[in-house]
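Remember, it's 1-based here, ligands and their atoms both numbered in the order they're listed.
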Amino acid sequence: MSDTAKTSIAIVGGGPGGYAAAFLAADLGISVTLIDPEANPGGVCLYRGCIPSKALLHVAKLVEESKQAKDWGIEFGSPKVDLTRLRSWKDGVVKKLTGGLGQLSKQRHVRYVQGRAAFENSTTLRVTKSDGTEEVLSFDRIILATGSRPSIVPTLKIDSPRMIDSTGALNLEDIPGSLLVVGGGYIGLELGSVYAALGTRVTVVEMLSGLLPGADRDLVVPLHKRLEKMLAAILLNTTVASVADVGNGIRAAFDGPNVKEREQVFDRVLVSVGRRPNSEIPGLEHTQVQLGARGFIQVNKQLQTDDPSIYAIGDVVGEPMLAHKASHEGRVAVEAIAGHKVAFEPNAIPAVVFTDPEVAWCGLTETQAEKENREISVAKFPWGASGRAITLDRPDGLTKLIIDPQTERVLGMGIVGAGAGELIAEGVLAIEMAALASDVAMSIHPHPTLSETVMESAEVFFGTSTHVYRPKRP
Ligand code: FAD
Ligand code: NAD
């Protein structure tokens, strides 16, 4: 026997896409049911993504700073890591935030169903609840927010507890003596940095010619330099041809033009080569939903799929696979369902890699402009000229603006440096508000802060930056 229920909007997946959508629907007075296997909303981001990784990166930064403090006349000695306490602190952060979301769901009268959903048809779901019972849920509209999971490389698919993905790495079972990270992208560099700070010898293998392929090269240089000191090795243009569990470790065979040591043994191997969409939702074949490139669910600008009653948002609909993009799409989808005139067409989605230094960008990148043959002006402010960066002993940064030389509109911003992730929001606002370089230059920024580097990069565009001397052309 199954229970039956009815809701205006059903939402499958309780990640930052799904719960943001559910909360807005409730705020607009629409009856909403949110379905997810966990006890509380949160999804990948809160349970095994953004939040636990950032908690650990905070600790990693502290460890690295405590080493640097020697240069400032303060010595702390080597850190002693109590792994059990570190793990329980990280788990506590996750519990606090997901519990808070559970609370917010109740306050808003969002009906939360713990379970997994499958389609019966375009207006009916069958939910297998965590307590083993079933519910048939009929709805007017549905939003799919089922997220993504790690991609798998067939040659690295062996059955060994030493092979881990991001979830395994975040579980923090031990501090391995050595760790091979396959993939020099967001996850590899963030989690590789965490383990390196805890004392692991970390080797990163990246198949392309540089780390973080999505970012402009000048932003990656300061990060690469610092990582070279922190990590055991960074092997570019390299892939892992095979892995084998040899009892006391994983033997990895490398392939690439610069490989010196063909085989090495590691205590653990973290595979972080990208993520793929969870679009194989059971029963989806009973609807008109179509999948596009790489298995992403195909949607229009209102996030509506090819089936008029079905919307989809977040990682399952495409890149960039970021939490804030998922949440924004969730809100747009709900507004579209509510009949508001909306579209998902941002000019700037910020990307932040929470390494040390952080790398952040939004809007048009230099690389993209080159590819599109677009004429741009680039104004760069080096952090060596920032008073605040010097007080922090972190001159290894750069703030740059990508500007339309004709209209002088700000089209993009890129930052590398400590705290770049907090600074990039100013770029998003400038781009979305169609700010001119002069608007940014003429807005008074507080002193001494790193935010002044944004104002001064706009001044650089006019050749009048206070702290950057440019000799006049004869
Ligand atoms: P998800 O958060 O993936 O949630 C989907 C939910 O749907 C899951 O709970 C899943 O169990 C559930 N689900 C799937 N199928 C069903 C079904 N049939 N029935 C019911 N429920 C179902 N992004 C950032 O912006 N900043 C970061 O710092 C950041 N750090 C990250 C660190 C790591 C290690 C990882 C792995 C990812 C990180 N991300 C980060 C990416 C971010 O986690 C995702 O972009 C975001 O979680 C996507 O949100 P979503 O709502 O689309 O789906
Ligand atoms: P990624 O796409 O960021 O990086 C994967 C890297 O692996 C790339 O550099 C790619 O060239 C490389 N690669 C692919 N196949 C390889 C192979 N066989 N051998 C060696 N290198 C290989 O993917 P990710 O690090 O797994 O992260 C997945 C996604 O999760 C990110 O793209 C991002 O959307 C999201 N994420 C975001 C954050 C954040 O916002 N700070 C943090 C973590 C994850």
### Task
Tell me yes or no: between the side chains of Ser209 and Asn237, is some donor less than 3.5 Å from an acceptor?
no
### Summary
Of all protein heavy atoms, the one nearest atom 4 (O) of ligand 2 is Gly185 CA, 3.2 Å
#### Entry: Test item: Lys400 and Ser457 side chains (from C-beta on) under 4.5 Å apart, heavy atoms
no
### Query
Would one find an N or O of Val240, backbone or side chain, under 3.5 Å from an N or O of ligand 2?
no
### Query
Would a 4.5 Å heavy-atom cut-off, applied to side chains only, mark Ile234 and His224 as touching?
yes
### Query
With a cut-off of 4.0 Å, which atoms of ligand 2 are near a heavy atom of Val205?
20 (C), 21 (N)
### Query
Closest non-hydrogen protein atom to atom 18 (N) of ligand 2, residue and atom name please, with distance?
Val153 CG2, 4.2 Å
### Task
Could you tell me whether Arg48 and Glu38 make a salt bridge, using a distance below 4.0 angstrom between a side-chain N and a carboxylate O?
yes
### Separation between NZ of Lys61 and OG1 of Thr355, rounded to the nearest 0.5 Å
10.5 Å
### Message
Less than 4.0 Å is my threshold; does some heavy atom of Pro213 fall inside it relative to ligand 2?
### Response
yes
### Task
Return the residue, atom name and 0.1 Å-rounded distance of the protein heavy atom closest to atom 44 (C) of ligand 2.
Ile187 CG1, 3.4 Å
### Task
To the nearest 0.5 Å, tell me how far Ser193 OG sits from Phe354 CZ.
13.0 Å
### Message
I'd like to check whether Tyr186 has a polar contact with ligand 2, where a contact means an N/O of the residue lying under 3.5 Å from an N/O of the ligand.
### Response
yes
#### Entry: Expected output: side-chain Glu329 to main-chain Gly314 donor-acceptor under 3.5 Å
yes
### Message
Regarding Arg217 and Glu370, does a basic nitrogen lie under 4.0 Å from an acidic carboxylate oxygen?
### Response
no
#### Entry: Best match, His324, Met207, Arg276, Arg275: closest heavy atom to atom 30 (O) of ligand 2
Arg275
### Option from Leu270, Leu231, Leu172 for which side-chain contact (heavy atoms from CB on, under 4.5 Å) with Tyr195 holds
Leu172
### Message
When you compare the side chains of Thr305 and Asp307, does any donor N or O come within less than 3.5 Å of an acceptor on the partner?
### Response
no
### Query
So is Val182 polar-close to ligand 2, meaning N/O to N/O under 3.5 Å?
no
#### Entry: Pro308 side chain near Gln304 side chain, heavy-atom distance below 4.5 Å
yes
### Task
State, with a plain yes or no, whether a side-chain heavy atom of Val136 is found less than 4.5 Å away from one of Thr124.
yes
### Residue Phe354 vicinity, atoms of ligand 2 by number, heavy atom under 4.0 Å
41 (N)
### Query
To the nearest 0.5 Å, how far apart are CD1 in Ile297 and CG in Leu284?
6.0 Å
### Task
Please report which non-hydrogen protein atom sits nearest to atom 2 (O) of ligand 2, along with the residue it belongs to and the distance in Å to one decimal place.
Gly274 CA, 4.1 Å
### Message
When you compare the side chain of Leu144 with that of Tyr311, does any pair of heavy atoms fall below 4.5 Å?
### Response
no
### Task
Taking only Lys NZ, Arg NE, NH1 and NH2, and the carboxylate oxygens of Asp or Glu, determine whether Lys229 and Glu64 approach each other closer than 4.0 Å.
no
### Task
Look only at interatomic distance and state if Met321 has a nitrogen or oxygen under 3.5 Å from any nitrogen or oxygen of ligand 2.
yes
### Query
In terms of atom number and element, which parts of ligand 2 are under 4.0 angstrom from non-hydrogen atoms of Leu322?
34 (O), 37 (C), 40 (O)
### Message
Using a 4.0 Å cut-off on heavy atoms, what residues surround ligand 1? Order them by chain and number.
### Response
Val12, Gly13, Gly14, Gly15, Pro16, Gly17, Gly18, Ile35, Asp36, Pro37, Gly43, Val44, Cys45, Arg48, Gly49, Cys50, Ser53, Lys54, Gly115, Arg116, Ala117, Ala145, Thr146, Gly147, Ser148, Ser166, Ile187, Arg275, Gly314, Asp315, Met321, Leu322, Ala323, His324, Ala326, Phe354
### Message
For atom 7 (O) of ligand 2, what is the closest protein heavy atom, and at what distance to 0.1 Å?
### Response
Gly183 CA, 3.3 Å
### Message
Heavy-atom distances under 4.0 Å decide this one: backbone, side chain, both or neither, for Leu208 against ligand 2?
### Response
side chain
### Query
Is there any N or O on Glu206 that sits under 3.5 Å from an N or O of ligand 2?
yes
### Query
Hey, is ligand 2 close enough to Glu190 that some N/O pair sits below 3.5 Å?
yes
### Message
Out of all atoms in ligand 2, which are within 4.0 Å of some heavy atom of Val352? Include the element for each.
### Response
39 (C), 40 (O), 41 (N)
